[in-house]
Amino acid sequence: QAQLVESGGRLVQSGDSLRLSCAASGFTFSDYAMGWFRQAPGKEREFVSVISWSSIIYYADSVKGRFTISRDNAKNTVNLQMNSLKPEDTAVYYCAASPGSARDLSRGHGMEYWGKGTLVTVSS
């Protein structure tokens, strides 16, 4: 069955960089838009970034210029490079896959598979 497994989350300091990875299996990865969402304590889950099968990319305004999403279709992985981390980036980060468009995924629609999340904590 389909599976998404995130890794890379840990405790870092403000201003540090961190790279999250999501390994996908059980579906045709290259046909799917892949995205990252996050959920901070006491808050709703929010969109972070998405990359389509054709590498169309969207970012949330809050991470634009600091985060970079990429995918490797040969390895069935999607990565999120996070630079200049801030305490407000603290959250559980989830990987998601959608057979729909990147735009739809960026609006929170059409996700078919979710990972279990990886915790990123940014201390001030």
Side-chain angles (χ1 to χ4, degrees):
Q1 70 273 22
Q3 191 173 20
L4 298 174
V5 179
E6 302 95 336
S7 62
R10 60 182 177 90
L11 172 64
V12 296
Q13 293 189 338
S14 182
D16 284 354
S17 296
L18 198 59
R19 183 178 177 88
L20 304 183
S21 293
C22 172
S25 61
F27 62 98
T28 306
F29 179 81
S30 58
D31 288 347
Y32 279 66
M34 299 298 299
W36 288 93
F37 292 76
R38 67 186 181 185
Q39 187 167 18
K43 296 187 177 181
E44 293 187 354
R45 187 157 51 190
E46 63 176 3
F47 166 74
V48 175
S49 182
V50 60
I51 183 168
S52 76
W53 60 270
S54 60
S55 295
I56 295 171
I57 292 173
Y58 296 100
Y59 294 103
D61 288 343
S62 59
V63 306
K64 205 171 292 184
R66 299 188 298 122
F67 290 11
T68 302
I69 193 170
S70 62
R71 65 187 297 158
D72 185 335
N73 287 341
K75 296 181 179 179
N76 287 3
T77 58
V78 58
N79 300 307
L80 186 69
Q81 177 66 41
M82 305 186 294
N83 298 330
S84 303
L85 283 161
K86 306 174 182 179
E88 51 263 44
D89 294 318
T90 294
V92 177
Y93 283 71
Y94 297 91
C95 179
S98 170
S101 71
R103 183 176 292 277
D104 283 346
L105 196 151
S106 73
R107 294 171 176 172
H109 305 306
M111 286 76 71
E112 188 166 317
Y113 307 120
W114 287 94
K116 294 183 178 181
T118 186
L119 176 62
V120 174
T121 305
V122 185
S123 65
S124 56

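Atom set for the values below is all heavy atoms of this structure, side chains included, hydrogens, waters and symmetry mates excluded.
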Practice problem: Look at the side-chain heavy atoms of Ile, Leu, Val, Met, Phe, Trp and Tyr, link any pair under 4.5 Å apart, and say whether Tyr59 and Met34 land in one connected group. | Solution: yes
Quiz item: Any link between Tyr32 and Val5 through a network of hydrophobic side chains (Ile, Leu, Val, Met, Phe, Trp, Tyr) touching at under 4.5 Å?
Solution: no
Quiz item: Measuring from Ser62:OG to Lys86:NZ, what's the distance to the nearest 0.5 Å?
Solution: 8.5 Å
Quiz item: Quick one: does Ser21's side chain have a donor or acceptor within less than 3.5 Å of a partner on Asn79's backbone?
Solution: no
Self-check item: Gly117 backbone acceptor or donor facing Glu6 side chain under 3.5 Å
Solution: yes
Quiz item: Of the non-hydrogen atoms in Ser52 and Ala102, which two are nearest, and what is the gap between them?
Solution: CB-CB, 3.7 Å
Quiz item: Between the side chain of Thr118 and the main-chain N/O of Val92, is any donor-acceptor distance below 3.5 Å?
Solution: no
Quiz item: Which word best sums up how the rings of Phe67 and Tyr93 line up, parallel for under 30°, tilted for 30 to 60°, or perpendicular for over 60°?
Solution: tilted
Quiz item: Under 4.5 Å between any side-chain heavy atoms of Ile69 and Val78, yes or no?
Solution: yes
Quiz item: Are the side chain of Ser84 and the backbone of Arg66 linked by a donor-acceptor contact shorter than 3.5 Å?
Solution: no
Quiz prompt | Derivation of the side chain to side chain contact (heavy atoms under 4.5 Å, CB included) call for Cys95 and Trp36 | solution = CA-CA 5 Å; Cys95 179; Trp36 288 93; 4.2 Å; yes
Self-check item: Gap separating the NZ atom of Lys43 from the OG1 atom of Thr90, nearest 0.5 angstrom
Solution: 10.0 Å
Quiz item: How close do Ser123 and Leu11 get, heavy atom to heavy atom, and via which atoms?
Solution: CB-CD1, 4.3 Å
Quiz item: Between the side chain of Arg10 and the main-chain N/O of Leu18, is any donor-acceptor distance below 3.5 Å?
Solution: no
Practice problem: Find out whether Val120 and Met82 are in side-chain contact, i.e. whether some heavy atom of one side chain is under 4.5 Å from a heavy atom of the other. | Solution: yes
Quiz prompt | Pair Lys64 + Asp61: basic N to acidic O under 4.0 Å | solution = yes
Practice problem: List the atom of His109, the atom of Ser98, and the distance in Å for their closest heavy-atom pair. | Solution: O-OG, 4.3 Å
Exercise. Mind checking the OG-CG spacing from Ser30 to Asp72? Nearest 0.5 Å is all I need.
Key: 11.5 Å
Exercise. Can you see which heavy atom on Val48 is nearest to which on Val63, and at what distance?
Key: O-CG2, 3.6 Å
Quiz prompt | Side-chain (Arg103) to main-chain (Tyr58) donor-acceptor, under 3.5 angstrom | solution = no
Exercise. Grab the two heavy atoms, one from Ser124 and one from Pro87, that are nearest each other, plus how far apart they are.
Key: CB-CG, 3.8 Å
Quiz item: Hey, is CH2 on Trp53 packed in by over 12 heavy atoms from elsewhere, all under 6.0 Å?
Solution: no
Quiz prompt | Verify same cluster id: Val50, Leu4 (apolar side-chain graph, 4.5 Å) | solution = no
Self-check item: Gln13 atom CD: more than 12 heavy-atom contacts under 6.0 Å
Solution: no
Quiz item: Between CG of Leu80 and OG of Ser70, what distance do you get to the nearest 0.5 Å?
Solution: 8.5 Å
Self-check item: Distance, nearest 0.5 Å, that separates NZ of Lys75 from CZ of Phe29
Solution: 12.0 Å
Quiz item: Is Ile56 linked to Leu105 within one hydrophobic cluster, defined over Ile, Leu, Val, Met, Phe, Trp and Tyr using a side-chain heavy-atom separation of less than 4.5 Å?
Solution: yes
Quiz item: Mind checking whether Tyr113 and Phe27 have parallel, tilted or perpendicular rings, split at 30° and 60°?
Solution: tilted
Quiz item: Any idea which heavy atoms bring Gly8 and Leu20 closest together, and the distance?
Solution: C-CD2, 3.6 Å
Quiz item: To the nearest 0.5 Å, what is the distance between CZ (Arg38) and CZ (Arg45)?
Solution: 13.5 Å
